[in-house]
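Since the structure comes first, as structure tokens, the remarks are kept for the end.
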Amino acid sequence: MTLHLQTEEKQPLSREEILQPHRTLENSKVRTEDLDAWYGNNQVLKKLNIEVREHSVTAIIGPSGCGKSTLIRCLNRMHELVPRARTSGRVMLDGSDIYAKGIDPVTIRRRVGMVFQKPNPFPTMSVYDNVAAGLRLNGERNHSVLDRAVQQSLELAFLWDEVKGDLDKSGASLSGGQQQRLCIARALAVQPEVILMDEPCSALDPTATAKIEELIASIKGNYTVMIVTHNMQQAARVSDFTAFLYLGQLIEYGETTSLFENPVEELTERYLTGKFG
Amino acid sequence: MNFEKLLEGLKHPSSDVFFKYGSLVFAASVVGVIALSMVVLVRGAFPALTSFGFRFLTGVNWDAAAGFGALPYILGTLVTASIAIIIGVPISLGIAIFLAEMAPDVIKVAVSNIIELLAAVPSIIYGLWGLYVLRVWVANYVQYPLQNSFGFLPIFSGTSYGLNFLTAGLILAIMIIPTVASISREVMVSVPVSQREAAYSVGATRWEVVRMSVLSYARSGIFGAAVLGLGRAVGETMAVTMVIGGATGASALPTSLFKPGQTMATILVNQLSEAESGSLQLAALLGIGLVLFAIAFGINIVAQLLVWRVLKVQAGAVE
Ligand SMILES: Nc1ncnc2c1ncn2[C@@H]1O[C@H](COP(=O)(O)OP(=O)(O)OP(=O)(O)O)[C@@H](O)[C@H]1O
Ligand SMILES: [Mg+2]
């Protein structure tokens, strides 16, 4: 694995520092420690160590089946919902292990939101109720609080202007791109600290994709975003850091510009130049 | 079409002409049978329908002198089927949720199989159990305690020893549970994973996922399952006949849970063999058959449409 996390104020890391598995960044939001993940007997993630900086956008790239989705699903404990799926190792969120004994996955998922590959609004709920769903689960009943949160979240998701007239319409009646932004608004409404996005644009056209990239750029000051993408240009456009996964291992991880321009590992280079995957 | 051609058709799936027309013939014959039984019923019931007119549906008497009215039996069917739905559907839903969402795999398989088996128990067996076991329970643990405290209320009056509308409704509730539970389970299982994940990802607990994603997504299918159960309750004959007591005429009006009565199906089975051919009684019975047929048919069509719509929407929609 190669790390090149050199920001202006930080010194380049020595090789020893790089290879030391549990290195800690000052402002790390999420950190995995020797994370393994299985589906049944199929080990999909192998001793994966990655550290994600707060209020940054981190892109996860890699060939199909390398474990990108599995990785981000381990970060909000969605992985364990798959029958016979399990993990070992630790995932630190603000320095405490989300897999520690006695931690309720529900509280983790409220802190770490998720947007899926295919838009999945609740089809029997209105636009408003879709966005309010998470808050209502938290017990919020106050109408003006809900109204404000719904509007704010829809504004953050750049959807407010398009739907403000028909908040009572079914969430399923929106276009695909609008549905995905609705799902983002739904995730934002509970004010999570981290937002995980699994190929959020792969079902969308370029215009809708551009909207979502714009919204990622606009929210990253307040959220830590991790985005899985197959689109190299997209990774280059939206992310500050990029992680390259191959066969369940983190091959290379670093600032997006340097990883794209000067990949250290041969595998990364070959992937970026389209030699495989 | 001769046998060799048939074989030829089976060997070469590309020549599906045989299947196309073959299945068309079978489908058409089903419609034909339904239409034919309709015709038979209408013709048989004709004398009663012409001599009583609309009063056939509103009359309460049941003898040659005063005429024949179907109201007590229509109401009897409605009351027993309603009891069955009110008690059977929530239990079925509970079972379905447990099987689809909660139970560990081993229990899931075991309970699903038991439920399927229950659906295969002949209704006469339910009837016997109802007659020897359930009615005693109803009498001792429901009827007498209620009558001791609230006997002054008309709906708790009656002197039957457990052979009454309530027992009939309860037997029906038990009998519809396998159908309603297994169809509801199926509809719930077919709710896309992406819908459940949507709820989990905003911090729903397991039960909240069931409520937000599963039940609301599957609701029209579950409603369809309930309507299918209603169809079964309306048409069920044997078991009900054995526990409902078998009153006729005005006394069969379901004014109390603990009175003996009849449903449309039971009066048919009780009286069809003794009614003389050509009699007005026979015509009246066939008239009741016609009403029952229409109601059951309508209910089943509604149910099938609902279940089908859900499964179809899910095949094509999200995920
Ligand atoms: N629900 C599942 N059950 C069993 N195996 C699974 C499941 N989901 C994924 N896998 C396996 O885990 C491996 C990694 O899958 P994952 O979905 O994490 O890959 P990915 O990098 O997201 O791929 P893609 O780019 O195609 O989305 C694959 O080999 C896949 O077969
Ligand atoms: Mg994936």
Side-chain angles (χ1 to χ4, degrees), chain A residues 69 72-73 75-84 104-125 129-139 153 170-172 176 179-180 182-192 194-198 203, chain B residues 93 97-109 112 184-185 187-225 306-319:
Chain A
S69 301
I72 63 168
R73 292 167 60 91
L75 305 184
N76 67 343
R77 299 193 58 174
M78 293 288 280
H79 179 67
E80 67 206 51
L81 296 173
V82 176
R84 306 208 319 119
D104 183 356
V106 167
T107 62
I108 299 301
R109 293 184 200 123
R110 285 178 187 172
R111 295 175 60 194
V112 184
M114 190 157 204
V115 177
F116 300 84
Q117 186 167 357
K118 285 202 183 145
N120 56 355
F122 299 117
T124 55
M125 287 187 199
D129 291 340
N130 261 283
V131 182
L135 290 167
R136 290 206 171 116
L137 286 179
N138 287 339
S153 311
S170 157
Q179 285 187 22
Q180 191 63 302
L182 177 62
C183 293
I184 294 175
R186 180 178 66 190
L188 291 173
V190 289
Q191 301 196 308
V194 180
I195 297 202
L196 308 169
M197 299 183 166
D198 193 350
Chain B
L93 266 186
I97 291 172
F98 174 74
L99 287 179
E101 305 294 330
M102 312 274 171
D105 281 351
V106 188
I107 296 177
K108 218 179 259 184
V109 173
S112 301
S184 307
R185 187 196 70 93
V187 200
M188 287 180 198
V189 167
S190 76
V191 172
V193 177
S194 64
Q195 283 297 308
R196 295 162 206 269
E197 289 186 335
Y200 276 120
S201 74
V202 287
T205 61
R206 210 164 176 186
W207 169 245
E208 288 164 340
V209 171
V210 170
R211 189 166 53 75
M212 279 172 72
S213 299
V214 180
L215 290 183
S216 66
Y217 199 84
R219 64 188 174 191
S220 57
I222 292 168
F223 188 67
L306 288 170
V307 174
W308 170 79
R309 206 188 68 177
V310 175
L311 294 179
K312 194 189 129 188
V313 164
Q314 280 157 15
V318 237
E319 204 202 41

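Every chain is numbered from 1, with letters handed out A, B, ... down the list of sequences.
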Contacts of A:Arg77 that satisfy salt bridge (charged side-chain N to carboxylate O under 4.0 Å, His left out) - sequence neighbours left out
A:Glu80

Quick check on the structure: residues of residues 205-212 of chain B within a heavy-atom distance below 4.5 Å of chain A, by number.
B:Thr205, B:Glu208, B:Arg211, B:Met212

For B:Phe223, I'd like to know if atom CZ has over 12 heavy atoms of other residues, nucleotides or ligands within 6.0 Å.
no

Which residues pass the salt bridge (charged side-chain N to carboxylate O under 4.0 Å, His left out) test with A:Asp198, not counting sequence neighbours?
none

Between A:Val194 and A:Leu75, is there a side-chain heavy-atom distance shorter than 4.5 Å?
no

Does any non-hydrogen side-chain atom of A:Val131 lie less than 4.5 Å from one of A:Met125?
no

Restricting to side chain to side chain donor-acceptor pair (under 3.5 Å), what partner residues turn up for A:Gln191, sequence neighbours left out?
none

Closest heavy-atom pair, B:Arg196 versus B:Ser213, reported as atoms and distance to 0.1 Å, is CA-OG, 3.9 Å

If I measure from the heavy atoms of chain B, does A:Leu137 come under 4.5 Å with its side chain, its backbone, both, or neither?
both

Within-4.5 Å side-chain heavy-atom neighbours: B:Pro192 and B:Tyr217
yes

A:Phe116 versus chain B, heavy atoms under 4.5 Å apart: side chain, backbone, both or neither?
side chain

Of A:Val106, A:Val115, A:Asp104, the largest count of non-hydrogen pairs under 4.5 angstrom with chain B goes to A:Val106

Using non-hydrogen atoms and a 4.5 Å limit, figure out which bit of A:Met78 sits close to chain B: side chain, backbone, both or neither.
side chain

Contacting region of A:Arg73 [heavy-atom separation from chain B under 4.5 Å]
side chain

